[in-house]
Amino acid sequence: MFRSRAERKVADAGYDPARLPPGQYLTDKWPVLHAGDVPEYPADLAGWSFSVFGEVEQPLELSWAELDALPKETVVQDIHCVTRWSRFDAELSGIPWSAIRERVSPLPSARFAIAHAEAGFTSNVPAAALELEGALLATHADGEPLTGEHGWPLRLVVPRRYFWKSAKWLRAIELRATDAPGFWERYGYHNDADPWEEQRYGF
Ligand SMILES: Nc1nc2c(c(=O)[nH]1)N[C@H]1C(S)=C(S)[C@@H](COP(=O)(O)O)O[C@H]1N2
Ligand SMILES: [Mo]
């Protein structure tokens, strides 16, 4: 009836066990995972900017005040880490990609998106992944500004993929005609990262 003990625990917690992707277990906590150090920023984010460049008609650079003034959306979604924890009903808020897309007007050649974060971290997804319900430039989680370790002031949230695609401390989105592996992808993580297909590693 249950494929695993982890699924039984999900059912015991009152959730549909089908929500748990294969090989994952449910946690109530929100573990912290990243390479390197949490970046330090001035409290007023002076000098911080978010930009969009590459295959766009109109490159964009926004200060924190300009970005933070855009209308925000809240989306409740499940997050799945490749290290096997899943967290259900994470409430994430921020600016939907559509609000940015409208300003930059991607060219037809813009098929892939690279998230650029602090300290050279990158992650890659098809540009179409940013159009999905739940894709956000997130500023808040569970009603509070992101904490430093979860990506304050801005992180990408890419729905329905392992969470390593969701770059913390996001500074830019590059739209490209060709794909390019990101930081964890170059370490051997799967390019597509679909938890339902268990696309954990690329080999
Ligand atoms: N900038 C940056 N973002 C990153 C990472 C990183 O190393 N650097 N790691 C990714 C990985 S592997 C995971 S699982 C998630 C973890 O996010 P969390 O710490 O908020 O749970 O962040 C992703 N975003
Ligand atoms: Mo991860």
Side-chain angles (χ1 to χ4, degrees), residues 6 19-41 45 48-53 64 67 74-95 97 112-126 129-130 132 134-174 179-203:
R19 269 173 82 176
L20 193 69
Q24 297 292 109
Y25 68 88
L26 183 65
T27 177
D28 306 325
K29 300 189 198 79
W30 188 359
V32 171
L33 266 136
H34 53 258
D37 298 322
V38 175
E40 286 180 29
Y41 299 106
L45 293 170
W48 186 98
S49 64
F50 169 72
S51 50
V52 182
F53 64 97
W64 172 252
L67 183 79
T74 297
V75 184
V76 175
Q77 57 188 300
D78 300 346
I79 58 187
H80 310 292
C81 176
V82 72
T83 63
R84 299 186 181 272
W85 57 265
S86 289
R87 183 177 173 231
F88 287 172
D89 296 327
E91 188 191 304
L92 295 152
S93 319
I95 296 109
W97 170 250
F112 298 93
I114 311 288
H116 292 267
E118 297 294 346
F121 182 89
T122 54
S123 68
N124 61 305
V125 289
L130 301 180
L132 298 174
L136 287 176
L137 305 173
T139 57
H140 289 68
D142 304 314
E144 300 286 335
L146 289 169
T147 60
E149 56 189 14
H150 287 300
W152 183 81
L154 188 69
R155 84 176 296 164
L156 183 62
V157 173
V158 180
R160 289 189 255 152
R161 296 187 189 240
Y162 287 121
F163 208 38
W164 85 75
K165 295 287 186 182
S166 295
K168 304 194 272 194
W169 313 299
L170 184 69
R171 296 296 304 272
I173 299 278
E174 176 189 8
D179 201 1
F183 178 89
W184 290 111
E185 292 77 7
R186 288 196 297 272
Y187 271 88
Y189 282 21
H190 198 287
N191 199 57
D192 302 331
D194 181 343
W196 302 97
E197 300 291 337
E198 277 210 88
Q199 293 171 334
R200 297 177 193 274
Y201 306 106
F203 36 79

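All residue numbers in this chain count up from 1 along the given sequence. Computation of the quantities below employed the complete heavy-atom set of this structure, encompassing side-chain atoms and omitting hydrogens, waters and symmetry-equivalent molecules. Whatever order the structure lists ligands and atoms in, that order sets their numbers, starting from 1. Owing to the predicted nature of the structure, the values given are computational and were not obtained by experimental measurement.
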Would you say Trp85 contacts ligand 1, with heavy atoms under 4.0 Å as the rule? yes

Kindly identify the option in Glu118, Arg155, His150 whose heavy atom sits closest to atom 17 (O) of ligand 1. Arg155

Which residue and atom name correspond to the protein heavy atom nearest atom 7 (O) of ligand 1, and how close is it? Ala35 N, 2.8 Å

Could you identify the single nearest non-hydrogen protein atom to atom 1 (N) of ligand 1 and state the distance to 0.1 Å? Lys168 O, 2.9 Å

Please round to the nearest 0.5 Å and tell me the distance separating atom OG of Ser123 and atom CH2 of Trp184. 12.0 Å

Trp169/Phe121 aromatic ring centres below 6.0 Å: no

Identity and distance of the protein heavy atom lying nearest atom 24 (N) of ligand 1: Ser166 O, 3.1 Å

Donor-acceptor contact present, side-chain Arg186 to main-chain Pro181, <3.5 Å: yes

Of Trp164, Phe183, Phe121, which has the heavy atom at the shortest distance from atom 5 (C) of ligand 1? Phe121

Run the side-chain contact (heavy atoms from CB on, under 4.5 Å) test on His150 and Leu92 for me, step by step, so that the C-alpha distance in whole Å, both residues' side-chain angles and the decisive distance to 0.1 Å come before the verdict. CA-CA 12 Å; His150 287 300; Leu92 295 152; over 6 Å; no

Closest protein heavy atom to atom 16 (C) of ligand 1, given as residue, atom name and distance to 0.1 Å: Leu33 O, 3.4 Å

What atoms of ligand 1 come within less than 4.0 Å of a heavy atom belonging to Ala117? 1 (N)

Across all chains, not counting sequence neighbours, the side chain to side chain donor-acceptor pair (under 3.5 Å) partners of Thr122 are none

Please state whether the rings of Phe183 and Tyr187 are parallel, tilted or perpendicular, taking 30° and 60° as the class boundaries. tilted

Subset of ligand 1 atoms that lie under 4.0 Å from at least one heavy atom of Ala167: 3 (N), 24 (N)

Which segment of Pro31 sits under 4.0 Å of ligand 1 when only heavy atoms are counted: backbone

In terms of its nearest heavy atom to atom 14 (S) of ligand 1, the top option of Gly36, Ala90, Cys81 is Cys81

Would you check, one step at a time, whether the test side-chain contact (heavy atoms from CB on, under 4.5 Å) holds for Trp48 with Arg171? CA-CA 8 Å; Trp48 186 98; Arg171 296 296 304 272; 3.4 Å; yes

Do the side chain of Lys165 and the main chain of Asn191 share a donor and acceptor less than 3.5 angstrom apart? yes

When you look at Asn124 and Ile114, which way does the side-chain contact (heavy atoms from CB on, under 4.5 Å) test go after all the steps? CA-CA 4 Å; Asn124 61 305; Ile114 311 288; 3.6 Å; yes

So for Phe163 against ligand 1, with non-hydrogen atoms under 4.0 Å, the contacting part is both

Honestly, for Trp30 the part within reach of ligand 1 (heavy atoms, under 4.0 Å) is side chain

Among all protein heavy atoms, pick out the one at the shortest distance from atom 9 (N) of ligand 1; state its residue, atom name and that distance to 0.1 Å. Trp184 NE1, 3.3 Å

